[in-house]
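Reading through the structure tokens given below for one structure.
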Amino acid sequence: MSSDRLSSTILVKEHETILKVIDALDRKIEEFREGNLIDVGFLRSLLEFSRVFIDKCHHGKEELCLFPCLERRGIPRENGPIGVMLMEHEMGRSLVRQINERLDSYVSRHSKTDFERILNLCSEYIELLRQHIYKENNILFPMGDGVIDEDDERRNIECYEKREHELGEETHHRMEQLAEKLKQEAKQ
Ligand SMILES: [Fe+2]
């Protein structure tokens, strides 16, 4: 089977979109620090991208489609790579919630403590996602490609399509556009 038909290839491509946004956030953090001011609009859009694209579109496919398939094929969840990936997804969700709460507080009070805390949480989020994506791309997905067969591939892709349909057909495209917008904003 050619690699562009593998169900993991679709997820690797989504990782590229996620990394584009994470790189944009990294550049914006520098700007926030230099200007001593947070671009609230940028960060709110980034949190929307995280909640919708990273969590629902992407982690949804992993948690409800690929990972259960890998488990059926013998890759362990408890004390294994899938368990670690699931734990890191939870850490990401928690960081997004914390950034959101701090941002609300920053908007109403503009305190230095909130400013510093938001920058630190964003750095933590960037680091978490970069190393998480590296582990999936270079360890878990190649491991999975070695144990799943053509029927699994077909079922996974059908499962991905079902997820996208449930989220609304235009959601994925809207998120790709948002990723590009965030990248452009971080260039200015
Ligand atoms: Fe992933």
Side-chain angles (χ1 to χ4, degrees), residues 1-26 45-100 121-149 152-168 171-180 182-183:
M1 199 178 307
S2 69
S3 68
D4 62 338
R5 289 185 56 231
L6 292 172
S7 51
S8 63
T9 309
I10 292 171
L11 300 179
V12 170
K13 282 198 182 125
E14 290 185 355
H15 285 167
E16 286 167 19
T17 304
I18 294 169
L19 287 173
K20 179 161 83 174
V21 171
I22 285 304
D23 289 347
L25 177 61
D26 208 358
S45 294
L46 183 125
L47 292 171
E48 192 201 357
F49 178 85
S50 295
R51 282 187 293 253
V52 178
F53 188 82
I54 300 182
D55 210 32
K56 294 199 173 73
C57 290
H58 182 74
H59 290 163
K61 289 190 186 85
E62 291 175 347
E63 294 183 2
L64 300 170
C65 307
L66 184 71
F67 292 176
C69 170
L70 298 183
E71 266 189 87
R72 284 196 301 275
R73 290 291 169 192
I75 295 180
R77 176 184 174 126
E78 298 305 321
N79 301 315
I82 295 174
V84 176
M85 294 301 107
L86 292 172
M87 189 189 70
E88 290 177 355
H89 287 179
E90 278 307 320
M91 289 164 71
R93 286 176 186 123
S94 165
L95 284 167
V96 166
R97 278 195 296 271
Q98 290 178 67
I99 295 167
N100 192 52
L121 288 166
C122 286
S123 296
E124 231 181 289
Y125 189 56
I126 291 167
E127 186 54 34
L128 173 76
L129 281 180
R130 282 182 178 154
Q131 56 84 17
H132 176 77
I133 286 173
Y134 179 87
K135 283 187 268 188
E136 285 183 345
N137 284 355
N138 296 286
I139 302 168
L140 183 62
F141 292 174
M143 199 188 276
D145 292 342
V147 294
I148 65 180
D149 65 18
D152 291 328
E153 294 289 7
R154 203 185 52 249
R155 272 196 294 270
N156 286 344
I157 286 165
E158 279 170 11
C159 182
Y160 293 174
E161 283 166 359
K162 189 164 166 265
R163 293 288 311 147
E164 294 283 353
H165 181 73
E166 282 169 5
L167 288 172
T171 304
H172 193 102
H173 179 62
R174 188 167 61 83
M175 287 298 118
E176 296 270 5
Q177 286 179 322
L178 179 56
E180 191 53 35
L182 291 168
K183 179 186 166 182

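All residue numbers refer to positions in the sequence shown, counting from 1. We count ligands from 1, going down the list as the structure has it; atoms in each ligand are counted the same way.
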Protein-side N, O or S atoms sitting under 2.8 Å from the Fe ion (ligand 1) are His15 NE2, His58 NE2, Glu62 OE2, Glu136 OE1
Note: Asp149-Arg73 ion pair, threshold 4.0 Å (strictly below): yes
Can Arg130 and Glu127 be counted as an ion pair, charged N to O under 4.0 angstrom? no
Note: Glu166-Arg163 ion pair, threshold 4.0 Å (strictly below): yes
Whether Glu48 and Arg174 form a salt bridge (side-chain N of Lys/Arg under 4.0 Å from carboxylate O of Asp/Glu) is what I want to check. yes
For His172 and Phe53, take the angle between the two ring planes, folded into 0 to 90°, and tell me which bin it lands in: parallel under 30, tilted 30 to 60, perpendicular over 60. perpendicular
Do the ring centers of His15 and Phe141 come within less than 6.0 Å of each other? yes
